Amino acid sequence: MVEEIQIHHTDTIIVNDVPTEFYVGSSIVLKIRVSCSSGCDLRSKTVEILAQDAVVAEVELSSFGETGNETDEFIVPAPTHLGEHRWIVVFPAQEQEGVIHQESSALFSFITKPHATSMAVWDVPSPIALGTYFKCKVGVKCLSECDLAGKTVVLRNDKGHEAVESLLGTTPWTPEGALYWTEVELKAPDVEGSYVWEAAFCASDMEIPHEDASYSFRFRTVAMPDHMLTVEVVAQDSKKPIKGADVTLPPFIGRTDEHGIARFEVHKGDYELSVSKYEYEIFETTLKVDDDISFKAELLTLYDTFWLR
Amino acid sequence: MSTDEVKKHQEKVSPMSRRNFLKTAGAVIGTAAVASPLAACTTTGQGDEFWLPEKWDLEADVVVVGFGGGGATTALAAFDAGVEPLVLEAAPDGLEGGNSGCCGGLMSVPDSVDEAVKHYKYQLFGTAKDDELLRTVAESFQKLPGQLEKLGAKFTKSAAPNPYFPTAPGASTFYAYRPVGREGEPSGAYITWRSLRAAIDQKGIRVMYDTRGRELIQNVKTKEILGVVAEKDGQKLYIKAKKGVVLACGGYELDQDRIGWYNHPGVKFSNVGTPYNRGDGVKMCLSVNTDMWHNVSLEYLGYAFKVPSDIYDCGIGAVYQGVLPANNFMMVNAKGKRFVNESLNITHWKGPMEVFDFDQANADYFNMPFWVIFDDALYKAGPLGSSQDRPGPGAGGGWGTIHRVYDWSIDNNKELNAGWILKADTLKELAGKMKGTTPGGNTVTADAAGLEDAVSRFNELVVAGVDSDFGRRMNGVTTIEKPPFYAIEVSVMLVNTQGGPLHNKHGQTLDVDGNPIPRLYTVGELGSVFGWLYQGGSNFPEAMAFGYIAGEHASALEDWV
């Protein structure tokens with residue numbers, strides 16, 4: 001007696017949309033469906049993800065329904081090197097109790113690209129006295145949130161010459177973020193004017209490929225100030241100090257501290273002083289500075305709704 | 001009015017008293033029988049009068065569509081004239097009031113009628129040629145504070161003139177009348193509305209809520225308006241108006257089609273007023289051959305946060321210099337570029353608006369979508385929108401604030417977690433998150449290099465103290481530099497539309513030949529007189545003043561049946 005063997009065709013597809021670009025080492029999300037021409041339940045069988053003959057993942061078909069057998073969504077890491085990749089999802093042929101399920105496969109291609117990086121430069125004082133040293137902060141962020149502690153940043157002046165090199169610190173700027181930063185000290189130019197300098201991050205020495213990044217920042221230099229101007233900001237009704245008020249007297253800008261004080265080293269001259277703070281009317285006056293002076297700005301509380309009709 | 005006075009009044013009015021009305025309405029509304037078709041239905045109609053319904057479900061002397069300032073004063077005038085008004089209101093009880101219930105509440109009242117007319121002519125730029133109408137506006141505005149004070153409202157008159165256009169003829173004749181509320185209450189029209197609503201309730205004037213006026217019933221021979229087809233709970237109600245119909249149901253702010261046809265195709269505004277202004281009045285008037293004016297004129301009010309505004313159908317938040325918790329912000333388009341003077345007050349603005357610049361070559365708007373960009377200093381300076389405890393400055397004003405549509409968190413974190421506020425450590429990362437859709441339907445992501453460059457340039461201008469790019473007032477403006485950075489998609493806030501049918505000094509609606517359509521009146525923003533330059537505090541008194549005028553005029557008519 002000859003035992004009859006049945007052959008069932010299968011079809012393998014990728015259910016979800018798979019992007020064509022991934023950052024190196026990032027997560028590739030897949031969900032696979034295998035259907036049998038005779039509608040067989042193939043749960044507990046596995047599919048394989050092959051990359052150049054190497055199996056990068058093996059996943060079990062976990063559900064069975066009208067459309068066939070499906071895996072849960074699963075994650076496979078993208079290669080950690082740059083390039084074009086062709087991966088195959090394979091349902092291997094298998095025989096059980098006189099039924100052979102034929103092999104089927106699905107192909108997908110993608111490229112891996114370096115991690116995107118970006119930069120920020122902040123706390124740049126402005127204006128800066130000619131030839132003086134000033135500090136500012138420089139940060140680099142990998143959009144894949146890689147740890148960049150100890151990596152190098154370079155700051156270049158407007159002529160492209162390196163002004164300073166520094167290593168990124170170990171603690172991100174915000175606890176939930178991945179902006180690694182450092183404080184640098186720079187020497188301002190000796191000539192009065194506006195300047196555009198550049199901070200740069202070179203990723204060539206990183207194990208996982210990253211993009212280089214740069215960020216231009218601007219500042220202005222002025223002659224050495226003559227006088228100290230102290231602006232005290234209080235509420236007109238309560239006379240209590242107002243913290244965090246924005247104080248501008250171009251080109252000088254600042255913010256009041258917890259005592260309602262903002263201090264500026266300024267030159268002799270006339271200034272248009274403005275003080276603004278949420279829930280107060282903007283305060284404006286012209287200030288004449290010809291000595292070290294203190295000025296008290298009393299802000300009026302705003303009460304009105306602002307939609308008129 | 002005492003209970004006895006109310007009773008006497010009810011005895012004077014039509015045979016269908018309030019009590020009868022309630023019985024009838026209860027019986028009718030409760031049955032499917034109200035869905036009786038108009039006798040268009042010529043075979044089953046009443047002889048040649050095929051425009052009449054087979055039966056009327058309700059009747060009143062004066063049917064008022066809309067329960068805002070104009071509708072309220074119309075009903076009060078009709079009641080005081082000894083006839084019976086019936087008010088139909090699209091909103092539910094508690095959300096009525098229209099824009100008059102939630103606007104700023106200021107009334108610009110002239111001391112001199114002659115001077116006011118000169119000023120109105122300047123403002124209207126030739127779009128209102130009826131001097132009698134303009135005189136009536138001025139005279140009725142003068143009477144209005146006194147009329148409202150009889151209802152218990154109180155006002156303060158500004159010590160000095162309060163003109164929007166100080167150099168215009170007659171400008172110095174306008175004084176600001178502001179409502180006086182309870183101690184500690186922020187100013188607003190809701191205070192005046194409280195008096196109007198109380199007067200309506202006290203007099204026992206009938207108001208049907210959740211009821212939209214949808215069609216006018218017109219005698220096609222005499223052109224008289226005989227009643228209204230209303231819609232309540234998905235059913236039609238045929239309501240006879242024995243003396244007249246007064247449409248006081250506002251403009252078309254929520255009618256996206258008409259916004260496109262008359263004003264800005266494809267643009268979705270954040271509406272700062274009532275969400276019940278759905279263009280019903282305009283549609284009804286078009287169906288009876290009225291002429292239309294002032295459709296060109298929209299009134300804006302700064303910018304709102306687009307996503308929550310779309311969710312709640314009203315303006316949430318306000319992006320405006322002096323209203324946000326700090327001034328270190330800028331607005332950018334999808335190229336990452338600044339395109340506008342962020343300190344320009346576009347409230348009732350008729351000058352150029354870059355946000356509406358249209359790219360003919362690509363058939364889309366240059367500057368939409370657009371975002372407000374700021375840094376951590378502003379994020380931490382205070383709530384970016386209004387909250388339960390803080391309905392005042394920065395609240396955004398309007399319907400959303402008055403009705404507590406949304407409570408913005410004090411630390412902005414709720415909105416950050418909701419995805420309304422985008423956050424990133426760097427500007428490049430932020431740009432990648434700034435995705436939006438143009439009015440033409442194209443999905444765009446902000447350009448990172450453009451954004452970095454724009455912020456850098458902005459900071460340079462801040463230090464210079466002069467915005468040589470867009471003319472922004474830089475006083476009190478500081479730099480955007482400290483991470484994290486934030487973006488919120490914004491949209492233009494729309495206060496109200498002005499377009500609609502023309503009317504004369506009695507509030508009578510005019511046809512295309514300039515003749516009154518018998519027994520039809522329009523008041524308020526449905527065809528406002530103020531159709532071009534706008535003096536703040538005009539629409540609000542206009543609605544109420546013409547409500548009184550139209551209510552009195554309609555009440556004096558003989559019944560048509």
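Proteins come first, then strands; the chains are lettered A, B, ... in the order of their sequence lines, and each starts at number 1. Owing to the predicted nature of the structure, the values given are computational and were not obtained by experimental measurement.
Listed here is the closest heavy atom pair of A/Ser216 and B/Ser456: O-OG, 4.2 Å. Of all heavy-atom pairs spanning B/Ala464 and A/Pro250, the tightest one is O-CB, 3.9 Å. Scanning all heavy atoms of the two residues, the minimum distance from B/Thr478 to A/Gly254 falls at CG2-O, 4.4 Å. Between B/Phe485 and A/Ala120 the shortest heavy-atom distance is CE1-CB, 4.2 Å. Between A/Ser214 and B/Glu452, the closest heavy-atom pair is O-OE1, 4.4 Å. In terms of heavy-atom proximity, B/Ala381 sits nearest to A/Lys277 at O-NZ, 4.4 Å.
Looking at A/Glu145, there are no atoms closer than 4.5 Å to chain B (heavy atoms on both sides), in backbone or side chain. In this structure, chain A has no heavy atom under 4.5 Å from any part of B/Phe530. Of the two parts of B/Asn327, the backbone and the side chain both hold a non-hydrogen atom closer than 4.5 Å to a non-hydrogen atom of chain A. Residue contact with chain A, scored on non-hydrogen atoms closer than 4.5 Å, is absent for B/Val466. At a 4.5 Å heavy-atom cutoff, A/Glu272 makes no contact with chain B through either its backbone or its side chain. Looking at B/Glu429, the atoms closer than 4.5 Å to chain A (heavy atoms on both sides) sit in the backbone and in the side chain alike.
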Which is it for B/Thr426 and A/Leu179 under the side-chain contact (heavy atoms from CB on, under 4.5 Å) test, yes or no, and what are the steps along the way?
-> CA-CA 8 Å; B/Thr426 64; A/Leu179 180 67; 3.9 Å; yes
side-chain contact (heavy atoms from CB on, under 4.5 Å) between B/Arg473 and A/Ile282: does it pass, once the steps are laid out?
-> CA-CA 12 Å; B/Arg473 195 168 177 271; A/Ile282 191 165; 4.1 Å; yes
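Judged by distance alone, the side chain of A/Ser276 and the main-chain N or O of B/Gly476 form a donor-acceptor pair under 3.5 Å. Side-chain atoms of B/Lys482 do not come within 3.5 Å of backbone N or O of A/Trp122 as any donor-acceptor pair. Without hydrogens or angle criteria, A/Trp173 side chain to B/Pro483 main chain gives a donor-acceptor distance under 3.5 Å.
Contact check for A/Tyr215 versus B/Leu427: side-chain heavy atoms found under the 4.5 Å cut-off. Annotation: side chain of A/Ser194 is in contact with side chain of B/Glu460 (closest heavy-atom distance under 4.5 Å).
The CG atom of B/Asn459 sits 7.5 Å away from atom CD1 of A/Ile253, with the distance rounded to the nearest 0.5 Å. Between the CD atom of B/Glu481 and the CZ atom of A/Arg218 there is a distance of 14.0 Å, given to the nearest 0.5 Å. Atoms CG and OG1, from A/Asp123 and B/Thr479 in turn, are 9.0 Å apart once rounded to the nearest 0.5 Å.
Residue with the most contacts toward chain A among B/Gly382, B/Ala424, B/Pro484: B/Pro484 (heavy-atom pairs, distance under 4.5 Å). Comparing B/Arg457, B/Lys380, B/Met474, B/Glu542 by how many heavy-atom pairs each has under 4.5 Å with chain A, the most go to B/Arg457. When each of A/Leu273, A/Val140, A/Leu143, A/Val121 is checked for heavy-atom pairs under 4.5 Å with chain B, A/Leu143 comes out on top.
For A/Arg263, the CZ atom counts as loosely surrounded, since its 6.0 Å shell holds 12 or fewer non-hydrogen atoms of other residues, nucleotides or ligands.
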